[in-house]
Visitor: 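Mind having a look at this structure? Questions to follow.
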Amino acid sequence: MDENNIRVRFAPSPTGYLHVGGLRTALYNYLFAKHNNGKIVLRIEDTDRNRYVEGAVENLIDSLSWAGIKFDEGPVQGGNFGPYYQSERLTIYREHVNKLINDGKAYYCFCTPERLKNLREEQQRLKLPQAKYDKHCLHLSPQEINKNLETKKSHVVRLNVKPGEKVFVHDVVRGKVEFNTDNIDDQILLKSDGFPTYHLANVVDDHLMKISHVIRGEEWLSSTPKHILLYNYFNWNLPVFAHLPLLLNPDKSKLSKRQGDVAVEDYRAKGYLKEALINFVALLGWNAGDDKEFYEMDELIEKFTLERVNKAGAVFNIEKLNWLNGEHIRRKSVDELLPVLKNELSKSKFKGKQFSDNYLKLVLKSMQERITFIKDIITNSSYFFEPPSSYDEKTVKKRWKDDSEILLSKFLNEIEGLENPSKEDFEITLKSIVEKENVGLGRLIHPLRLALSGVGQGPGIFDLIFILGKEESVSRIKTALKTIPGISKSLKNN
RNA sequence: GGCGCGUUCGUCUAGUGGCUUAGGACGCCGCCCUCUCAAGGCGGAGAUCACGGGUUCGAAUCCCGUACGCGCUACCA
């Protein structure tokens with residue numbers, strides 16, 4: 001096949017938000033298209049008026065573009081195969097359905113919902129192997145049909161499935177799958193409100209939009225024979241099908257809202273980097289065949305093939321996503337991370353405070369390898385943004401010794417005299433004191449960290465004091481000298 | 001119920017008949033590094049490859065059956 005004719009699509013229905021499973025489907029389509037120099041189109045499947053949610057399309061597009069999935073054609077960028085909203089293509093479906101009716105491949109059905117309900121119940125009571133429409137309206141006379149049509153009797157159009165035939169689906173990930181038309185219902189193609197069902201709209205649009213590969217979730221595999229029947233009835237060439245394994249909850253059921261976050265926007269709000277989410281979701285059902293776990297989008301594009309997509313569903317394991325998020329943070333430059341931190345800060349209690357870019361970059365550099373989320377910097381090391389309001393008791397107990405007060409006072413004295421000290425100046429000063437006093441480094445370092453940060457862990461002490469600066473450090477040490485000895489004493493008495 | 005798909009460490013996975021005492025990653029545990037916490041390095045525990053039959057000199061890999069899980073079974077997508 002000519003590489004340039006490769007066209008795929010992501011066709012979500014606007015029911016609220018972008019599901020992570022949807023993101024994975026969109027990603028695989030995108031990777032496949034880019035890998036093959038093809039095109040990817042975004043098509044909005046808004047044929048169900050009952051499920052329409054205001055703002056859902058904007059939300060979908062927003063999440064997709066945040067994730068870095070760019071479309072060649074779609075509602076935003078347009079294209080030669082539009083419109084890209086199915087709700088704007090009603091006459092197209094109507095024309096195609098009429099063609100099918102004229103050819104005897106589809107037929108009008110005037111059955112009421114009540115009759116259908118009774119039919120189903122009857123079939124169930126008789127324990128029939130499969131419940132399907134009884135083709136009642138297929139046998140209506142032309143006169144009856146015309147009369148019904150003229151009196152505007154509510155109706156749908158159904159696919160006329162010939163029983164006793166075999167339909168084969170050739171799926172890239174699953175191989176050959178066989179179906180018997182005895183098990184295929186006379187699917188409704190056009191609803192009574194004039195809108196098409198998924199099956200009709202999907203096939204017509206995929207053909208008209210020259211889609212070469214249909215890459216979608218496994219939940220569609222069972223209805224693929226219906227689609228193949230439609231392609232055959234229209235005398236159209238089949239696209240290549242690839243059905244992706246499902247994303248699962250920890251209990252192996254289909255990933256759902258009840259058991260955690262499923263919306264891409266939720267992960268975005270929680271502070272996950274798009275690179276991490278993409279990396280993670282790409283590996284859920286695909287791998288390059290080697291041991292590589294860390295991927296950027298361009299490497300994914302380079303390596304991705306449909307042949308290496310797995311068959312079995314994959315549990316969405318948040319632990320690995322978290323690790324990947326930290327991994328991506330570690331590999332980014334502080335310049336890339338700066339806007340993320342600023343954004344988190346603007347949502348935090350420090351939103352009114354001003355910090356220079358230079359200061360924030362130093363903070364980032366010192367914290368980068370200690371965090372899973374950028375916002376961890378704010379929650380785990382608030383001391384970069386405000387002086388400690390308390391001192392961790394455990395650390396006081398463990399690190400504040402009898403000589404801490406004297407050592408720290410001496411250190412304070414020394415640095416007060418320093419002119420514009422560098423990180424090395426602080427280091428030299430501290431080392432000279434412990435040497436003179438003939439104690440271990442930790443004897444001063446730990447109390448100092450406690451005084452500066454209020455906690456027992458964090459970046460290297462010289463990074464910490466340098467980032468905070470002489471003035472701020474002096475002030476914090478003074479406060480600590482006034483309060484920690486008292487705390488230490490009362491802790492010892494308990 | 002019917003139809004379809006699936007089943008390798010807790011999880012994501014490598015593996016396409018001999019290279020496999022089934023490899024990697026996350027998580028967990030330990031050691032090293034070290035001013036703390038991380039990161040990093042090293043190591044450990046963890047899978048009778050769902051089960052049962054075959055085919056074969058040889059099977060996680062091929063075939064059959066069973067079990068279990070999941071999907072579909074709407075005028076939803």
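Proteins come first, then strands; the chains are lettered A, B, ... in the order of their sequence lines, and each starts at number 1.
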Visitor: Taking only residues two or more places apart in sequence or in another chain, which ones pass side chain to side chain contact (heavy atoms under 4.5 Å, CB included) with A:Ala242?
Guide: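 A:Ala242 satisfies side chain to side chain contact (heavy atoms under 4.5 Å, CB included) with A:Val172, A:Val173, A:Ile215, A:Leu306 only.
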Visitor: Nearest-nucleotide wise, let me know which of A:Phe462 and A:Phe316 is further upstream toward the 5' end of RNA chain B.
Guide: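 Checking each residue's closest nucleotide, the 5'-ward one belongs to A:Phe316.
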Visitor: Would you indicate what A:Val156 reaches in the nucleic acid, counting non-hydrogen atoms under 4.0 angstrom: base, sugar-phosphate, or nothing?
Guide: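 Answer is base: heavy atoms of A:Val156 come under 4.0 Å of a base.
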Visitor: At under 4.0 Å between heavy atoms, what does A:Phe179 touch on the DNA or RNA strands: base, sugar-phosphate, or nothing?
Guide: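 Sugar-phosphate, no base atom in range.
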Visitor: Show me, pair by pair, the donor-acceptor contacts under 3.5 angstrom made by side chains of residues 447-470 of chain A, not counting sequence neighbours?
Guide:
from: A:Arg449; atom 1: NH1; to: A:Pro459; atom 2: O; distance (Å): 2.8
from: A:Ser453; atom 1: OG; to: A:Arg449; atom 2: O; distance (Å): 2.8
from: A:Ser453; atom 1: OG; to: A:Val455; atom 2: N; distance (Å): 3.2
from: A:Ser453; atom 1: OG; to: A:Val455; atom 2: O; distance (Å): 3.2
from: A:Asp463; atom 1: OD1; to: A:Lys423; atom 2: NZ; distance (Å): 2.9
from: A:Lys470; atom 1: NZ; to: A:Glu416; atom 2: O; distance (Å): 3.0
from: A:Lys470; atom 1: NZ; to: A:Leu418; atom 2: O; distance (Å): 2.8

Visitor: For the side chain of A:Asn183, counting heavy atoms from C-beta on, which of B:G6, B:G2, B:C75 is nearest?
Guide: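 Comparing B:G6, B:G2, B:C75 against the side chain of A:Asn183, the answer is B:G2.
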Visitor: Which pairs, with at least one residue in residues 170-183 of chain A and sequence neighbours excluded, count as a salt bridge (charged side-chain N to carboxylate O under 4.0 Å, His left out)?
Guide: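 Output for this query lists A:Lys166-A:Glu178, A:Arg174-A:Glu218.
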Visitor: State which residues pass ring-ring contact (aromatic ring centres under 6.0 Å, His included) with A:Phe294; sequence neighbours excluded, sorted by chain then number.
Guide: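 A:Phe294 satisfies ring-ring contact (aromatic ring centres under 6.0 Å, His included) with A:His328 only.
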Visitor: Looking for any heavy atom pair under 4.0 Å, which part of the strands does A:Asn310 touch: base, sugar-phosphate only, or nothing?
Guide: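 The answer is sugar-phosphate, as A:Asn310 gets under 4.0 Å only of primed atoms, P, OP1 or OP2.
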Visitor: In terms of side-chain heavy atoms, does A:Lys135 have a donor or acceptor partner in A:Asn160 at a distance below 3.5 Å?
Guide: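 Result is yes, a qualifying pair exists.
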Visitor: Compare the minimum distances between each of B:G2, B:G40, B:A77 and the side chain of A:Arg330, then state the nucleotide with the smallest one.
Guide: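 Closest nucleotide among those given: B:G40.
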Visitor: Given that A:Val315 and A:Asn50 both sit by RNA chain B, which one's nearest nucleotide is further toward the 5' end?
Guide: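 This one resolves to A:Val315.
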Visitor: Polar atoms only, N or O, under 3.5 Å: list the protein pairs with nucleotides 63-72 of chain B and their distances.
Guide:
from: B:G71; atom 1: N2; to: A:Ser222; atom 2: OG; distance (Å): 3.3

Visitor: Has A:Asn279 got a side-chain atom pairing as donor or acceptor with A:Glu275's backbone, closer than 3.5 angstrom?
Guide: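 It does not hold such a pair.
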Visitor: Could you tell me which residues satisfy ring-ring contact (aromatic ring centres under 6.0 Å, His included) with A:Tyr233, sequence neighbours excluded, listed by chain and number?
Guide: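 A:Tyr233 satisfies ring-ring contact (aromatic ring centres under 6.0 Å, His included) with no residue once adjacent residues are dropped.
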Visitor: Quick one: label A:Pro12 by what it contacts on the DNA or RNA (base, sugar-phosphate, nothing), any heavy atom closer than 4.0 Å.
Guide: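 Counting heavy atoms under 4.0 Å across all strands, no contact is made by A:Pro12.
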Visitor: Applying side chain to side chain contact (heavy atoms under 4.5 Å, CB included), name anything that partners A:Leu90, two or more places apart in sequence or on another chain.
Guide: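 A:Leu90 satisfies side chain to side chain contact (heavy atoms under 4.5 Å, CB included) with A:Tyr93, A:Phe195, A:Pro196 once adjacent residues are dropped.
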Visitor: Does any nucleotide pair with B:A25 by Watson-Crick or G-U wobble geometry, both distances under 3.5 Å, and what is it?
Guide: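 Across all strands, the one nucleotide that pairs with B:A25 is B:U11.
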Visitor: Taking only residues two or more places apart in sequence or in another chain, which ones pass side chain to side chain contact (heavy atoms under 4.5 Å, CB included) with A:Glu302?
Guide: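 In terms of side chain to side chain contact (heavy atoms under 4.5 Å, CB included), with neighbours along the sequence ignored, A:Glu302 is linked to no residue.
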Visitor: May I ask you to list the residues of residues 436-450 of chain A, by number, that have any heavy atom positioned under 4.0 Å from an atom of RNA chain B?
Guide: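 Those residues whose heavy atoms fall under 4.0 Å from RNA chain B, taken from residues 436-450 of chain A in numerical order, are A:Ile445, A:His446, A:Arg449.
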Visitor: Look at the side chain of A:Glu369 and decide which nucleotide, out of B:A39, B:C5, B:C75, has an atom nearest to it.
Guide: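 Taking heavy atoms from C-beta onward, the closest nucleotide is B:A39.
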Visitor: Which residues satisfy the ring-ring contact (aromatic ring centres under 6.0 Å, His included) test with A:Tyr28, sequence neighbours excluded?
Guide: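 Expected list: A:Phe304.
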Visitor: Could you run down nucleotides 15-30 of chain B 5' to 3' and tag each one B, S or - for protein heavy-atom contact under 4.0 Å?
Guide: S--------BBSS---
Visitor: Excluding sequence neighbours, so at least two apart, what forms side chain to side chain contact (heavy atoms under 4.5 Å, CB included) with A:Val262?
Guide: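 For A:Val262, the residues satisfying side chain to side chain contact (heavy atoms under 4.5 Å, CB included) (neighbours in sequence not counted) are A:Tyr17, A:His19, A:Leu255, A:Lys257.
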